[in-house]
2 protein chains.
Amino acid sequence: MASIKDVAAEAGVSVATVSRALNGHPSVSATARTRVLAAVETLGYRPNAVARSLRTDQTRTLGLVISDVMNPYFTELARSVEEEARALGYSVIIGNADERPDLQDHHVTTLLDRRIDGLLVSPTDGGSPRMLDAARAGTPMVFVDRWIPGVDVPVVRSDGRGAVRDLVAHLHGLGHRRLAIIAGPAATTTGRERVDAFREALAAYGLPLPDAYIGQGDFQAGSGRRVTEGFLDLPEPPEVVFAADNLMALGALDALRARGLRVPEDIALAAFDDIPWFVHTDPPVTAIAQPTRDLGRAAVRALVERIAGRTGESVTLPARLVVRRSCGEPPSAPHPPSPSPVRRSTP
Amino acid sequence: MASIKDVAAEAGVSVATVSRALNGHPSVSATARTRVLAAVETLGYRPNAVARSLRTDQTRTLGLVISDVMNPYFTELARSVEEEARALGYSVIIGNADERPDLQDHHVTTLLDRRIDGLLVSPTDGGSPRMLDAARAGTPMVFVDRWIPGVDVPVVRSDGRGAVRDLVAHLHGLGHRRLAIIAGPAATTTGRERVDAFREALAAYGLPLPDAYIGQGDFQAGSGRRVTEGFLDLPEPPEVVFAADNLMALGALDALRARGLRVPEDIALAAFDDIPWFVHTDPPVTAIAQPTRDLGRAAVRALVERIAGRTGESVTLPARLVVRRSCGEPPSAPHPPSPSPVRRSTP
DNA sequence: ATCCTTCGTGTAATCGATTCCACGAGGAGG
DNA sequence: CCTCCTCGTGGAATCGATTACACGAAGGAT
């Protein structure tokens, strides 16, 4: 593969001139520039990004460590991150942690070794030493979706509180009183927050959230199935199951079907994270939709700000409720979110 | 960030010794080795992969240019590719072409500039000059899923012919005679092959595949919707719609629902590419499942063979039919694929 | 005692770019 | 006519690793 030296020889100039011509440096004569361009053309020369990175100490690459690519929510997030990054002249390397801290750590290490310019993380756990060190050492970094409390890194995420309140209002209006949740891992912020938001929203109606109605899941379909079976085996099973992500909702649907239960007649189902498939499941699933594209975009922008040495602010975007049929009576019209209940602060 | 020089200074040895100690070179004394290791520890040193790549001329990175990440089939493929690559000590950089030739070309160029060791491509079109040049120039390369005829590159893919025959047998047994297909882009091999396989299978039953029953899609949900609407507007609409991928099947389902049609009572639906969600759609969708994980694995292995300078053989794995309810009468049992019709060569 | 290996180590070249510094030519100003 | 800038250019250092080559010490064989 042709190097800059070959181009210099072909054009009859020095490598310095070639470099300058190719990088739009002002002080290159028109003749030199055209000869360089011609040489580049005939040799099919492409600059070696590795060598350039070594010299300039920047790779124009962003790392994205994601909890689980197979989750459509994260797939879409990854896609929007790549899109925005490309628009800004960056490439992105995606690392899939599969909800495993060891894999997450592996990817963080690999990305850091490659000297990426910045790191976007949706942490699976409290954060490995390697990640925490990198954050402290000043590696430009932004958390997306999930974050680690107590670490000085901007967070780009969506706030589901309002939407969860709307959901509970919807559920309550439909007459449901015994509501259960399949929670995400307690090590993740989203795992905890969604349970808290649910509990608060229930409290506004004087409804309890007994421990038996909090199932411990891990954001994977299998756990949704297991937890749902546990709920059904209770002396008094819930009337509604709210899954804290779409994969666990899929698992719940599996379990319900296996028991021959009808949704929503026998039991209602709702999910956090909306995906195109929820329109076509039997029945269509009521879900809380995050502004995924906007999250990805905002995260990249914040990270690039950080890389440029500026602040890079945290961003919180609201999620919204999408009512379908899995909780009861079909929505009368393409209606706005049901009127919120009386809002009062946590008791 | 600490460099090898800092480590050498800290350990009181030369950089050569540090490098040797870290790379397991035999002729390093035990004392030198322990001092180096200690220095690495106290400095938190990590070798700079960029510098190493420049010197050794290998990045231990694979490029994967995929047609569309949002398609669950490709997401799974990407995942298995990354898994196998990691097991073999490689990282992978994924480029999402979104079925757009220009984006595909962008990613191929970027990856080549980064001097990846090998390239895995599922081409969106006939191949840009850049890609064809790279192939000719000897860049280790392997096609996955789709390929470009006439280019000397191994292909790892799955053969759907048998499964399509099984599908048509199933459909014929159910009494369906007017079968239509939503095809993929003619520029892709999978786009063409699936139509051919379908036509051949129909021919075995003496059934025609009129042009009106071949809708031109682009592997995206929107086109599935449009083509299906076209089918329904025909004077004699088909009894079965077979979508050549899962996204177009989703679009077809949209269109069917919008018209208030029941599946399979009013019209039957089948899809190429199986995904977990098909179990839970209304009704569950009969689909042709590819051995996606195995494809990803085989592709990486073939590519690594090529990188090592060995041949790297093409691999073709069979797909299989998964019968659900979208074509009529629920399967009686978890039964094996229905007995094949008389096999005869194309008329 | 001398010579030849073997072993451990260091010096320096190298990969392909970018960029500081120096230098010569040519034009403007005195 | 001389001096001083400006402009375009080239030489060479540099980024952080790997590795060919040289070299001195130690040990074995004769």
Side-chain angles (χ1 to χ4, degrees), chain A residues 1-40 43-61 89 91 109-117, chain B residues 1-40 43-61 89 91 109-117:
Chain A
M1 192 154 258
S3 85
I4 196 172
K5 272 187 202 157
D6 303 315
V7 177
E10 173 79 18
V13 296
S14 73
V15 293
T17 299
V18 174
S19 176
R20 281 189 279 250
L22 262 22
N23 291 302
H25 194 283
S27 72
V28 176
S29 68
T31 50
R33 192 183 311 276
T34 52
R35 297 181 59 183
V36 167
L37 262 24
V40 164
L43 265 48
Y45 168 75
R46 293 251 77 211
N48 183 328
V50 174
R52 184 199 300 251
S53 293
L54 177 60
R55 183 59 233 253
T56 61
D57 200 34
Q58 53 160 331
T59 49
R60 297 214 64 91
T61 301
S91 296
T109 305
T110 314
L111 291 168
L112 256 21
D113 285 355
R114 277 160 196 273
R115 301 302 194 263
I116 46 148
D117 293 342
Chain B
M1 192 152 257
S3 84
I4 196 171
K5 273 188 201 157
D6 303 315
V7 176
E10 173 79 17
V13 296
S14 73
V15 294
T17 301
V18 174
S19 176
R20 282 189 277 249
L22 262 23
N23 290 302
H25 195 282
S27 72
V28 177
S29 68
T31 51
R33 192 183 311 275
T34 54
R35 297 181 59 180
V36 167
L37 262 23
V40 165
L43 265 46
Y45 168 77
R46 296 248 76 210
N48 184 327
V50 174
R52 183 199 301 249
S53 293
L54 178 59
R55 183 59 233 252
T56 60
D57 199 34
Q58 54 161 331
T59 50
R60 296 215 64 92
T61 301
S91 296
T109 305
T110 314
L111 291 168
L112 256 20
D113 285 355
R114 280 162 193 271
R115 301 302 195 263
I116 46 149
D117 293 342

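Side chains are part of it too, since the values below use all heavy atoms of this structure and drop only hydrogens, waters and symmetry mates. Labels below follow one simple rule: chain letters A, B, ... track the order of the sequence lines, proteins then strands, and each chain is numbered from 1.
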Which residues satisfy the side chain to side chain contact (heavy atoms under 4.5 Å, CB included) test with A:T109, sequence neighbours excluded?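 Checked A:T109 against side chain to side chain contact (heavy atoms under 4.5 Å, CB included); matches are A:D105, A:D113, A:R130, B:R46.
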
Side-chain N or O of B:S27 closer than 4.0 Å to phosphate OP1/OP2 of C:dG8: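 Looking at the OP1 and OP2 atoms of C:dG8, neither is under 4.0 Å from any side-chain N or O of B:S27.
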
Report yes if at least one side-chain N or O of B:T17 is closer than 4.0 Å to OP1 or OP2 of C:dG10; otherwise report no.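 Looking at the OP1 and OP2 atoms of C:dG10, one of them is under 4.0 Å from a side-chain N or O of B:T17.
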
Could I get the full list of side chain to side chain donor-acceptor pair (under 3.5 Å) partners for B:S29, not counting sequence neighbours?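 Applying side chain to side chain donor-acceptor pair (under 3.5 Å) to B:S29 gives B:T31.
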
Atom of [X], atom of [Y] and distance for their closest heavy-atom approach:
{"X": "B:I4", "Y": "B:Y45", "answer": "N-CE1, 3.5 Å"}
{"X": "B:A8", "Y": "B:V18", "answer": "CA-CG2, 3.6 Å"}
{"X": "A:V28", "Y": "A:A32", "answer": "CG1-CB, 3.9 Å"}

Just by modelled atom types, is the B:G89 backbone N or O under 3.5 Å from a matching donor or acceptor in the B:R60 side chain?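 Yes, the answer is positive, given that a donor and an acceptor are paired below the 3.5 Å cut-off.
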
Checking the side chain of A:R115 only, and the main-chain atoms of A:T59 only, is there a donor and an acceptor separated by less than 3.5 Å?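 It does not hold such a pair.
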
May I ask you to list the residues of residues 29-39 of chain B, by number, that have any heavy atom positioned under 4.0 Å from an atom of DNA chain C?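 The stretch gives B:S29, B:A32 as the residues lying under 4.0 Å from the strand, ordered by number.
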
Flag the pair B:L22 / B:L37 as yes when at least one side-chain heavy-atom distance between them is below 4.5 Å, and no otherwise.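 They are in side-chain contact.
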
Just so I know, are the side chains of B:R114 and B:T110 near enough to count as touching, which here means a heavy-atom distance under 4.5 Å?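 Contact flag for B:R114/B:T110 side chains = yes.
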
Sequence neighbours excluded, every pair satisfying side-chain hydrogen bond (donor to acceptor under 3.5 Å, both in side chains) that has a member inside residues 3-22 of chain A: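 Matches after skipping sequence neighbours: A:S14-A:T17, A:S19-A:N23.
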
Can you build the contact string for nucleotides 13-18 of chain D? Use B for base contact, S for sugar-phosphate-only contact, and - for no protein heavy atom under 4.0 Å. BBBBBB

Five-pair end axes of the helix from C:dA1-D:dT30 to C:dG30-D:dC1, angle between them (10°):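 End axes: 50° apart.
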
